[in-house]
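Here's the structure we're looking at; comments come further down.
Throughout, protein chains are lettered first and strands after them, A, B, ... in sequence-line order, and every chain is numbered starting at 1.
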Amino acid sequence: MNRRQILSYLPWQLWDFLWDRGIAVLFTGALLATSIVWPGYVALSAQMPAEVVPTELLKVVVAQIVSILVVISASGIVANDRIGGYYRFLFSKPVRLPVYYAVHFLVALVGLLAVALVLLSAFWLLVGWVPPTVPVVMIVVSFFALGGTIFFFSTFTRFDWALLVVLWGASALARTIFPDAAWYRVARWVLPPVHQLDKLRAALFAGAGIDWSGFAWLVGYGLLFFFAGLVVLQRKAIAE
Amino acid sequence: MIEFSAVGKTYRSITGKSVRAVDDFSLTIPRGEVFGIAGPNGAGKSTLIGILLGFLHPSNGTTRINGLHPRAYIERNGIGYLSELVTINKRWRADAALTRYAVLADIPRGQVADSVEKVIATLGLGEHRRKSIKALSKGNLQRVGLAQALLRDEELLILDEPTHGLDPVWTQRFRDIVGGLRAPHRTMIIASHNLDELQRLADRVAIIDHGRLQRVVGTSSMDQQSAGALTYRISLASGAEQFMRVFPAAASVGRGEYEIVVPNLEALNAKLGELMVAGAVVAAVVPTRSVLEQQFREAVGESS
């Protein structure tokens, strides 16, 4: 797959994302955000000055919905083509599977950012202006961390999102329940660094310094899975 | 061009059960040949094609296209492929789907529209071009599938049940199209249940059953001649008495039609000459079974 093919096919992939996922992301995001924004707006307005309400509200929204939107956007990237049988015609053309799906993955990120911009615009209109930097950074980082992992699972199972939820959920639970257990001190290096997402979000909203080693661990974890997924695509037959 | 060497494929379920879909399959298909694959349901045809496309890995043995692993060949050159099930995203419009496949086929940007228009015209899809895939009938969907396989001048075409769902008009049209695609640089593989179709289109046909290559049958008249005893149905306009004198062992099947068995084409022609000299008027001479059909019955019968 050469650069010309990639660039010519990009608009189609983006269009597919917006139809297949973008609408779902938009509605899910709007529903979840609305359920948080209105009661939150009423509660926070009573407690603090009006100028800090948008930022405080956005903190809650970002914490609650970014991960969900990332899972919707990144799930099934490979599995859906395999289940639907769409791979048959796609890969009878001179196309390399890892390149095709790597581009697909990045297109999903771009599509997610486009939809997030629509949601943010609604937030600005209804609540007030907050710089978009923190939500955008959190979406990009979460996409690589969670999306990379889900992409790997997608290369061999249709239950990619379920495996991700189990893995990240197990990590969060283990950290909460067994933080001092000897086994956890070892397992924490293998389990997804869920807590780093919280740390990063808190640091960004506070304008404090970022823990770059934690940041690298978070993004590196997802990227490691993403590249492992590309290796699987290169070595494993897609219909197996 | 294509070489299967002792290819085997076993499917294993998570419960440990295994099914041998292809077993010790060896075959060479030279460049320029139109090659048929015939076999009953579950014979292993689709698995073989999956292996040839690199969508499945063989459990043992190797497959090569021009000396390359199938995926390496396809990623470098591309092929024309029509799958048995035409699976295209149902939301896509027919012409948009063809444009996408043309882009992926690496057709230069300036030629994409022309290539798409050409296959739309060839496959008679003009009135359906703006329909979504889900709105197409089975036959029209099959034509879209065939159209995407013909977007480029491919060196390798693999057509799996290509006339499945086509009406008689388009079945005939398809045969004309495939006939027109014959070229010394192009290899075509056609898998089909339709033996008559393979007899007309293919140079040779592999008969497979239970995942094994049973035999390879030539379809030319030369092969017909060397295939042993042949059975024909002869219709007479007049001259039943003369007929029974010339073919005393013939069996009447009613309405002036008889079935005869001859050892070869020379014997058939000699007897027909004798019959016509005797004054009988022959309306039709039709083989009751093609060589391929005969061989298929024998091969599948033997293996089951």
Please name the pair of heavy atoms, one in L104(B) and one in V95(A), separated by the smallest distance, quoted to 0.1 Å.
-> O-CG2, 3.7 Å
Shortest non-hydrogen contact from Y87(A) toward F55(B) = CE1-CD1, 3.6 Å
List the atom of T87(B), the atom of G85(A), and the distance in Å for their closest heavy-atom pair.
-> OG1-O, 2.7 Å
Indicate yes or no: does E75(B) engage K93(A) in a salt bridge with an N to O separation below 4.0 Å.
-> no
Measure the spacing between CD of Q148(B) and CZ of F89(A) and express it to the nearest 0.5 Å.
-> 4.5 Å
Proximal component of I6(A), with respect to chain B [non-hydrogen, under 4.5 Å] = neither
For chain A, which of R71(B), E154(B), R76(B) has the most heavy-atom pairs under 4.5 Å?
-> R71(B)
Closest non-hydrogen atom pair, K90(B) against Y86(A) | N-OH, 4.4 Å
Side-chain ion pair, D160(B) and R88(A), N-O less than 4.0 Å | no
Look at G84(A), S92(A), A239(A) and state which one has the largest set of heavy-atom pairs under 4.5 Å with chain B.
-> S92(A)
Specify which of P108(B), G145(B), P70(B) makes the most heavy-atom pairs with chain A at under 4.5 Å.
-> P108(B)
Minimal heavy-atom distance between R152(B) and P94(A), with the atoms involved, is NH1-CG, 4.2 Å
Would you sort out whether D20(A) and R91(B) count as a side-chain contact (heavy atoms from CB on, under 4.5 Å), showing the intermediate values?
-> CA-CA 9 Å; D20(A) 295 338; R91(B) 195 175 39 71; 3.1 Å; yes
Could you have a look at W15(A), Y9(A), Y100(A), W19(A) and say which one has the most heavy-atom pairs with chain B under 4.5 angstrom?
-> Y9(A)
Measure distances from V86(B) to the heavy atoms of chain A and classify the residue's part below 4.5 Å as side chain, backbone, both or neither.
-> both
By a 4.5 Å heavy-atom criterion (distance strictly below it), what part of R235(A) contacts chain B: side chain, backbone, both, or neither?
-> backbone
Residues D106(B), R4(A); criterion salt bridge (charged side-chain N to carboxylate O under 4.0 Å, His left out); working and verdict = CA-CA 8 Å; D106(B) 201 19; R4(A) 184 179 65 197; 2.6 Å; yes
Pick one of side chain, backbone, both or neither for L82(B), based on which atoms fall under 4.5 Å of a heavy atom in chain A.
-> both
Could you tell me which portion of N77(B) (side chain, backbone, both or neither) has an atom closer than 4.5 angstrom to a non-hydrogen atom of chain A?
-> backbone
Who wins among L85(B), L53(B), I88(B) for the most heavy-atom pairs under 4.5 Å with chain A?
-> I88(B)
With a 4.5 angstrom heavy-atom cut-off, could you sort out which part of D16(A) is near chain B: side chain, backbone, both or neither?
-> both
Okay, side chain of E240(A), backbone of H57(B): is any donor-acceptor separation there less than 3.5 Å?
-> yes
